[in-house]
J.: 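I have a structure I would like to understand better, so I am pasting it below and will then ask my questions one at a time.
Reckoned from all heavy atoms, side chains included, excluding hydrogens, waters and symmetry mates.
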Amino acid sequence: MKKLLAIGALLLVTACSSVKVAEKHEIKDEDIKNWDVTISKVIVEESLIPDWYGNQNPIYYLQKTGKMSEKDFNFLQTLPNKEEFTEEDRDKFKSLLNGYVSKLDRTFYLSDTNIKNPKGLVDKMVSEAPLRMANPSNHIQNTVATPEEWSEIVAFSQKSDLDTKDVKRLRKLLNKFIKRSEFFNETSWYGSEISDRLMEIVTIYKKGALTKLERNNVNAKALYIAYSPYLSELEKWDD
């Protein structure tokens, strides 16, 4: 019974989300005919960060990841050649569009393999932390990590290399950090770089309170920006 209720609730949420997307973008026949432009536009607008669609052409991303099946792609390709659309055509297109949008939500978190150079990463964090200029490392030391957590990072930096167990622990620490509301600090990150990708995060934070998922994802991108030479691209992180 509980399972049935849970499934019903999930279907209700999905249905509500679908209606909102369809209503929000007011899909017309001309939009359906230009399906590739429409899908790309909606995905860009509905994505929290471009990393949700791999910083790529949205259609290419959907195909590459299997989120757009060959069968669906073949159907979409028939749309520009139709003089008129049936209600079935309209409903199917909106259903596909809503499905693509619902598949965008990702919660990025590091796996062990996403840390390309663990020793280099902890060395950078520890060496930057004492600097007078604000930067991500001294912000993490002073505001994000507990004294015990930071001591672990310092201990890692004192080793000649990190073993599998060390990397696993480092990964767990970093994943904890990006879940915390105090992780990102605009001034500290400006000490790392000033770029469009950083301004994107600053803008998101200025819009107001973030959901748990949004905060995790934006902070994950902030972590990547701060230490990109040592981490895999965000698209390759687990979700």
Side-chain angles (χ1 to χ4, degrees), residues 48-52 55 105-195 197-239:
L48 175 67
I49 50 178
D51 305 82
W52 272 10
N55 284 298
D105 290 356
R106 298 180 61 183
T107 303
F108 294 105
Y109 62 90
L110 287 163
S111 66
D112 294 352
T113 57
N114 295 139
I115 306 177
K116 298 190 296 185
N117 183 353
K119 181 64 168 75
L121 174 57
V122 293
D123 285 349
K124 179 176 176 64
M125 293 178 75
V126 173
S127 65
E128 284 186 342
L131 299 179
R132 294 182 63 182
M133 185 178 76
N135 62 69
S137 297
N138 53 38
H139 175 69
I140 290 172
Q141 177 192 22
N142 298 325
T143 306
V144 182
T146 65
E148 294 75 19
E149 289 170 339
W150 185 254
S151 293
E152 288 188 73
I153 292 174
V154 172
F156 289 150
S157 72
Q158 293 170 345
K159 291 189 170 187
S160 59
D161 199 7
L162 274 62
D163 60 25
T164 303
K165 184 178 179 182
D166 295 331
V167 174
K168 183 177 181 179
R169 178 55 184 165
L170 175 61
R171 183 257 300 170
K172 287 185 176 181
L173 285 172
L174 296 174
N175 282 328
K176 281 185 179 181
F177 293 166
I178 63 176
K179 292 181 185 298
R180 297 174 183 171
S181 58
E182 64 272 16
F183 180 79
F184 180 72
N185 174 266
E186 181 179 342
T187 302
S188 298
W189 257 257
Y190 281 147
S192 177
E193 72 173 52
I194 298 177
S195 62
R197 63 180 184 175
L198 178 56
M199 291 307 301
E200 175 185 85
I201 294 176
V202 172
T203 300
I204 291 172
Y205 262 102
K206 285 183 176 178
K207 287 181 180 178
L210 301 178
T211 66
K212 189 175 180 181
L213 179 145
E214 290 171 339
R215 182 173 64 243
N216 180 92
N217 286 349
V218 176
N219 287 346
K221 184 158 189 177
L223 180 69
Y224 173 71
I225 289 173
Y227 306 108
S228 54
Y230 309 95
L231 304 172
S232 300
E233 293 178 356
L234 202 59
E235 184 194 348
K236 296 178 181 178
W237 291 25
D238 280 351
D239 59 11

J.: When you measure from the side chain of Lys236 to the backbone of Leu231, do you find a donor-acceptor pair of N or O atoms at a distance under 3.5 Å?
T.: no
J.: Could you check whether any side-chain heavy atom of Glu193 comes within less than 4.5 Å of a side-chain heavy atom of Ser228, counting everything from C-beta outward?
T.: no
J.: What heavy-atom pair brings Val167 and Pro118 nearest, and what distance separates the two atoms?
T.: CG2-CG, 3.7 Å
J.: Side-chain contact, heavy-atom cut-off 4.5 Å: Leu173 with Glu152?
T.: yes
J.: Using a 4.5 Å cut-off on heavy atoms from C-beta on, say whether the side chain of Lys176 contacts that of Lys172.
T.: no
J.: When rounded to the nearest 0.5 angstrom, what is the spacing between CG in Leu162 and CG in Leu170?
T.: 6.5 Å
J.: Count the heavy atoms of every other residue, nucleotide or ligand shown that sit under 6.0 Å from NZ of Lys119, and state whether that count exceeds 12.
T.: yes
J.: Distance check, rounded to the nearest 0.5 Å: Lys116 atom NZ versus Glu233 atom CD?
T.: 7.5 Å
J.: Quiz question: by atom type and distance under 3.5 Å, do the side chains of Ser137 and Tyr227 form a donor-acceptor pair?
T.: yes
J.: As a quick check of understanding, evaluate side-chain contact (heavy atoms from CB on, under 4.5 Å) for Ser157 and Met125, giving each step before the final call.
T.: CA-CA 9 Å; Ser157 72; Met125 293 178 75; over 6 Å; no
J.: Calculate, to the nearest 0.5 Å, the distance between atoms CZ and CD1 belonging to Arg169 and Ile153 respectively.
T.: 9.5 Å
J.: Can you see which heavy atom on Glu200 is nearest to which on Pro50, and at what distance?
T.: OE2-CD, 2.8 Å
J.: Rounded to the nearest 0.5 Å, what's the gap from OH on Tyr224 to CG on Leu234? Could you check?
T.: 8.0 Å
J.: Mind listing the closest non-hydrogen atom pair of Glu186 and Lys206 along with its distance?
T.: OE1-CE, 3.7 Å
J.: Begin from the C-alpha positions of Glu128 and Gln141 and carry the test side-chain contact (heavy atoms from CB on, under 4.5 Å) through to its verdict.
T.: CA-CA 10 Å; Glu128 284 186 342; Gln141 177 192 22; over 6 Å; no
J.: Using a 3.5 Å distance criterion without hydrogens, assess whether the side chain of Asn216 forms a donor-acceptor pair with backbone atoms of Leu213.
T.: no
J.: Does Arg171 reach the main-chain N or O of Tyr109 with its side chain, forming a donor-acceptor pair under 3.5 Å?
T.: no
J.: So, taking the atom named CZ in Arg215 and the one named CZ in Arg180, what distance separates them when rounded to the nearest 0.5 Å?
T.: 11.0 Å
J.: Where do Asp51 and Lys221 come nearest, in terms of heavy atoms and distance?
T.: OD1-NZ, 2.7 Å
J.: Under 4.5 Å between any side-chain heavy atoms of Arg197 and Ile201, yes or no?
T.: no
J.: Quiz question: by atom type and distance under 3.5 Å, do the side chains of Asn219 and Tyr205 form a donor-acceptor pair?
T.: yes
J.: Could you check whether any side-chain N or O of Asn138 sits under 3.5 Å from a backbone N or O of Met133, counting only pairs where one atom can act as donor and the other as acceptor?
T.: yes
J.: Would you find a donor on one side and an acceptor on the other, under 3.5 Å apart, between the side chain of Trp189 and the backbone of Ala222?
T.: yes
J.: Any sub-3.5 Å donor-acceptor pair from Thr143's side-chain atoms to Ile140's backbone N or O?
T.: no
J.: Nearest 0.5 angstrom please: Thr203 OG1 to Leu198 CG, how far?
T.: 9.0 Å
J.: Hey, does the side chain of Asn217 reach the backbone of Leu48 with a donor-acceptor pair shorter than 3.5 angstrom?
T.: no
J.: Below 4.5 Å, heavy atoms only, C-beta onward: do Leu174 and Leu121 meet side chain to side chain?
T.: yes
J.: Please determine whether the number of non-hydrogen atoms from other residues, nucleotides or ligands lying under 6.0 Å from atom CD of Glu182 exceeds 12.
T.: yes
J.: Can you name the nearest heavy-atom pair linking Phe184 to His139, along with the distance?
T.: C-NE2, 4.2 Å
J.: For a side-chain contact (heavy atoms from CB on, under 4.5 Å) check, start with the C-alpha distance between Ile178 and Leu110, then their side-chain angles and the critical distance, and finish with the verdict.
T.: CA-CA 10 Å; Ile178 63 176; Leu110 287 163; 6.0 Å; no
J.: Could you tell me which non-hydrogen atom of Ala145 sits nearest to which non-hydrogen atom of Phe177, and how far apart they are?
T.: CB-CZ, 3.6 Å
J.: The test is side-chain contact (heavy atoms from CB on, under 4.5 Å); show your working for Phe156 and Val126 and say whether it passes.
T.: CA-CA 10 Å; Phe156 289 150; Val126 173; over 6 Å; no
J.: Does any part of the side chain of Phe108, heavy atoms only, come nearer than 4.5 Å to the side chain of Asn114, both counted from C-beta?
T.: no
